[in-house]
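Predicted model, so just to flag it, every value in this text is computed and none were measured. Side chains included, hydrogens not; waters and symmetry mates left out as well; all remaining heavy atoms used. When a ligand or atom number is given, it counts from 1 through the structure's own listing order.
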Amino acid sequence: VTPGLPDRPLTLERGGRILTTDRARIDVDAALALLRGTFWAGAMPRDTLARAIANSVSFGVLEADRLVAFARVVTDLATYAYWTDVVVAEDRRGSGIGQWLTESMLAHPGLQGLRRVALMTRDAQALYERLGFRVGSSGSTYMEIKPGPTGP
Ligand SMILES: CC(C)(COP(=O)(O)OP(=O)(O)OC[C@H]1O[C@@H](n2cnc3c(N)ncnc32)[C@H](O)[C@@H]1OP(=O)(O)O)[C@@H](O)C(=O)NCCC(=O)NCCS
């Protein structure tokens, strides 16, 4: 495993499911399979995801040994976090896994006191609003450049 972000792994258990940020327990191929079904990461190369997992705080939800949900927090562990690649297996949606996953992302002990937690979503606003997220209204303008799948 490539050395990456120095976060302290977190593992929780609820109703027989395990939620973990321990990279050793998050199978890259299983995460890739979940992301294959999304509109934004369908073509993500395996190497890119492996590097991304090493360098962000990655969350997996396991039922027995099956990865049923995945998400990543891109962060400096001090001031800023950006949530991305949030996905629950299609046959497990609507049973509270997304709620547990995102609550746990917000409550992660290594991700407290940040200046800003940001995300972009097409249709899951209700899920994030429930956690306290609001459409940006600080008078600042969101800007971006999209150099390509792996950057410049
Ligand atoms: C969005 C997603 C992560 C939610 O996970 P989930 O486990 O189904 O969510 P939960 O069962 O915990 O439901 C929590 C709330 O999320 C919202 N929600 C659930 N499914 C949703 C969906 N398909 N689209 C949008 N919002 C949804 C609802 O507000 C729900 O509250 P309710 O139970 O009172 O209706 C999941 O549907 C998913 O993986 N979708 C495809 C990928 C995606 O769009 N990810 C979000 C990118 S920002």
| task | For ligand 1, find out whether one of its N or O atoms is nearer than 3.5 Å to an N or O atom of G98. | result | yes
| Under 3.5 Å: N/O of T38 near N/O of ligand 1 | no
| Using heavy atoms and a threshold below 4.0 Å, how should the contact between Y128 and ligand 1 be classified: side chain, backbone, both, or neither? | side chain
| Is ligand 1 under 4.0 Å from a heavy atom in the side chain of S95, in the backbone, in both, or in neither? | backbone
Below 4.0 angstrom, counting only protein heavy atoms, does anything approach [atom]?
atom: atom 35 (O) of ligand 1; value: no
atom: atom 14 (C) of ligand 1; value: yes
atom: atom 19 (C) of ligand 1; value: no
atom: atom 22 (C) of ligand 1; value: no
atom: atom 39 (O) of ligand 1; value: yes
atom: atom 27 (C) of ligand 1; value: no

I need the nearest protein heavy-atom contact for [atom]: residue, atom name and distance, please.
atom: atom 25 (C) of ligand 1; result: D123 O, 3.2 Å
atom: atom 46 (C) of ligand 1; result: V86 O, 3.5 Å
atom: atom 11 (O) of ligand 1; result: G96 N, 2.8 Å

| request: Could you check if a side-chain atom of F133 sits within less than 4.5 angstrom of a side-chain atom of T121, using non-hydrogen atoms only? | output: no
| Heavy atoms, side chains only, cut-off 4.5 Å: are V57 and T75 in contact? | yes
| request: Check each of R130, R93, Q99 against atom 31 (O) of ligand 1 and report the one with the nearest heavy atom. | output: R130
| Where the closest heavy atom to atom 5 (O) of ligand 1 is concerned, which of V88, L34, V87, L127 has it? | V88
| query | Is the NZ or CZ atom of R115 positioned over Y80's six-membered ring, under 6.0 angstrom from the centre and within 45° of the axis? | reply | no
If you compare all heavy atoms of [X] against all heavy atoms of [Y], which two are closest, and at what distance to 0.1 Å?
X: V74; Y: S56; result: CA-CB, 4.1 Å
X: I53; Y: S58; result: CA-OG, 3.4 Å
X: A41; Y: R36; result: O-NH1, 3.9 Å
X: A81; Y: V73; result: CB-CG1, 3.5 Å
X: I26; Y: G60; result: CD1-N, 3.6 Å

Within the 4.0 Å heavy-atom shell around [X], which atoms of ligand 1 are there?
X: A126; value: 29 (O)
X: G94; value: 6 (P), 7 (O), 8 (O), 11 (O)
X: I97; value: 7 (O), 12 (O)

| task | Compute the ring centroids of F59 and W100, then answer whether they are less than 6.0 Å apart. | result | no
| task | Tell me whether V86 is reachable from I18 by hopping between hydrophobic residues (I, L, V, M, F, W, Y) whose side-chain heavy atoms are closer than 4.5 Å. | result | no
[X] near ligand 1, heavy-atom distance under 4.0 Å?
X: W40; result: yes
X: F39; result: no
X: M120; result: yes

| SB check R66 D91 (cutoff 4.0 Å) | yes
| field | More than 12 heavy atoms from other groups under 6.0 Å of CG on D65 | value | no
Can you give each donor-acceptor pair under 3.5 Å made by side-chain atoms of residues 4-11, sequence neighbours left out, with the distance rounded to 0.1 Å?
{"residue": "D7", "atom": "OD1", "partner": "R23", "partner atom": "NH1", "Å": "3.1"}
{"residue": "D7", "atom": "OD1", "partner": "R23", "partner atom": "NH2", "Å": "2.7"}
{"residue": "T11", "atom": "OG1", "partner": "T20", "partner atom": "OG1", "Å": "2.9"}

